[in-house]
Number of protein chains: 2
Amino acid sequence: MSLPISTPLPLLSGAPHERRDAARNREALLAAARELVEREGACAVTMEAVAAQAGVGKGTVFRRFESRAGLMIALLDHSESEWQAQVLGGPPPLGPGAPALDRLLAFGRSRIEATLGQRELIAAAGGRVRTSGAFGFVLMHVRLLLAEIGTEGDLPLLASSLVAPLDVTVLEDQVLGQGMSVDRVYDAWADLTRRVVRR
Amino acid sequence: MSLPISTPLPLLSGAPHERRDAARNREALLAAARELVEREGACAVTMEAVAAQAGVGKGTVFRRFESRAGLMIALLDHSESEWQAQVLGGPPPLGPGAPALDRLLAFGRSRIEATLGQRELIAAAGGRVRTSGAFGFVLMHVRLLLAEIGTEGDLPLLASSLVAPLDVTVLEDQVLGQGMSVDRVYDAWADLTRRVVRR
DNA sequence: AGGCTAAACGGACCATGGTCCGGTTCTATT
DNA sequence: AATAGAACCGGACCATGGTCCGTTTAGCCT
């Protein structure tokens, strides 16, 4: 029952010990998927195609990413991290340093654009986005900004209500389906937000 | 170029001439699906199972309902119509006769409950609900109420923003996932709504 | 009634997400 | 270096949504 002192603590490393070949395959698969997505669009990203392109078996894809939705989320991870970095440490008004309301409005604009920009992947990820860390971050961010503004009420749910209209399905319907302009959608969201935070 | 005077106008009959066997099969399929859904839950409603239960070929199910989502929407049609009737002609405050704000709040409560009550079917219908007539009705109703209240702004989008947080995926996550009570979710929505309409 | 045509039918067939398990390979331990 | 066993791999296999097309049938017209 002795603790081997040489074992490095997991610290914050995401994967709690992934074998080297496994890690290599993960990278190969991500690269393959990225290539497929840019060459033929997200809907061409079939699990078998990714496996073939990466030169591994289909089972491996599933072991690494659990499901198609999981793979999509992994693909989104990069851009999502970048976006989070902008929010957390980028220039105002999206990043810190601006008044909270300005940050909130900038957040909305940025989210609309980011979501529409990646709509294929996000849609392909389906409902699973909700359980992804990225989504939690968004919710938390809005909630904190609302608190900073001094908004009263059930902040978690209020935040959720502000985020809900930014869902891919909603935006796709409005912009692609109904032909509304992004500006108009954003203006309406900003209006909504101002009404919500107005004291 | 003579108009045959004996041809009855289509009037408002939904199906523009469905053959009798086709109509019979549609009913049989709906009945089969309903039985399956109540006996084993919505996820047991597989297209082949429905076909078998109704005693027809699989192709028929697809010809009648286009897709699994279409079948689900057809299954929802009944309860949806009933709900619309309540809104259009039922007792206040959900139905006409109450102040518009009261009607709006009653709408929210009712929608939350209806949605959660049918969550399995709605979820199984997927994004297709958005294009169903029922969804359009909801949007229109909220929009009209907002107008009646005298709310200013981009009413179509404001309505959409109020409806978005009532989406199945959102409600499921909050109530089932996070364990929030329906009352709490409703209170937050009512709060949101009051802020939006507040002049 | 008989015949003609558009519509409906059925079920084989395909594509794809997801599961499983026997065999292989990495890595820690001695 | 040898060893043990956990982790990983591949690809056959399954389930199910969706398509297709040769065959059947309802409904109309003469």
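Counting to the nearest Å, the P atom of D/dC8 and the CZ atom of A/Phe65 are 13 Å from each other. The distance from atom CD of A/Gln53 to atom P of D/dG10 is 15 Å, rounded to the nearest whole Å. Rounded to whole Å, atom C1' of D/dC21 lies 11 Å from atom CZ of B/Arg63. Rounded to whole Å, atom C1' of C/dG17 lies 14 Å from atom CZ of A/Arg128. The distance from atom CG of B/Leu36 to atom P of D/dT16 is 12 Å, rounded to the nearest whole Å. As rounded to whole Å, 17 Å separates atom P of D/dC14 from atom CZ of A/Phe62. Atom CE of A/Met47 and atom P of C/dC20 are 16 Å apart (whole Å).
Of the listed nucleotides (D/dG27, D/dC9, D/dT16), D/dT16 has the atom at the smallest distance from the side chain of B/Thr46. In this structure, the nucleotide among C/dG18, C/dG10, D/dA7 sitting nearest to the side chain of B/Thr60 is C/dG10.
Each of B/Lys58 and A/Asp21 has a nearest nucleotide on DNA chain C; the 5'-most of these lies closest to B/Lys58. The residue among B/Arg24 and B/Ser67 whose nearest nucleotide of DNA chain D lies closer to the 5′ end is B/Ser67. Closest-nucleotide positions on DNA chain C for B/Glu48 and B/Ala23 were compared, and the one nearer the 5' end corresponds to B/Ala23.
A salt bridge does not link B/Arg143 with B/Asp154: none of the charged nitrogens is closer than 4.0 Å to a carboxylate oxygen. By the 4.0 Å N-to-carboxylate-O rule, B/Glu38 lies too far from B/Arg34 to be salt-bridged with it. Ion pairing of A/Arg111 with A/Glu80 is present here, as a side-chain N (NZ or NE/NH1/NH2) and a carboxylate O approach within less than 4.0 Å.
Applying the 4.0 Å criterion to OP1 and OP2 of D/dA6, one finds that A/Arg19 has every side-chain N and O outside that range. Taking 4.0 angstrom as the limit, B/Asn25 places none of its side-chain polar atoms (N or O) nearer than this to OP1 or OP2 of C/dA8. For the pair A/Arg64 and D/dC8, the criterion of a side-chain N or O lying under 4.0 Å from OP1 or OP2 is met.
Residue B/Arg20 is classed as a sugar-phosphate contact, given heavy-atom separations below 4.0 Å to backbone atoms only. Within the 4.0 angstrom heavy-atom criterion, only backbone atoms of the sugar-phosphate kind lie near A/Arg68; the bases stay farther away.
For the atom pair CD (B/Gln84) and OG (B/Ser79), the distance works out to 10.0 Å, reported to the nearest 0.5 Å. Between the CG atom of A/Asp102 and the CZ atom of A/Phe107 there is a distance of 15.0 Å, given to the nearest 0.5 Å.
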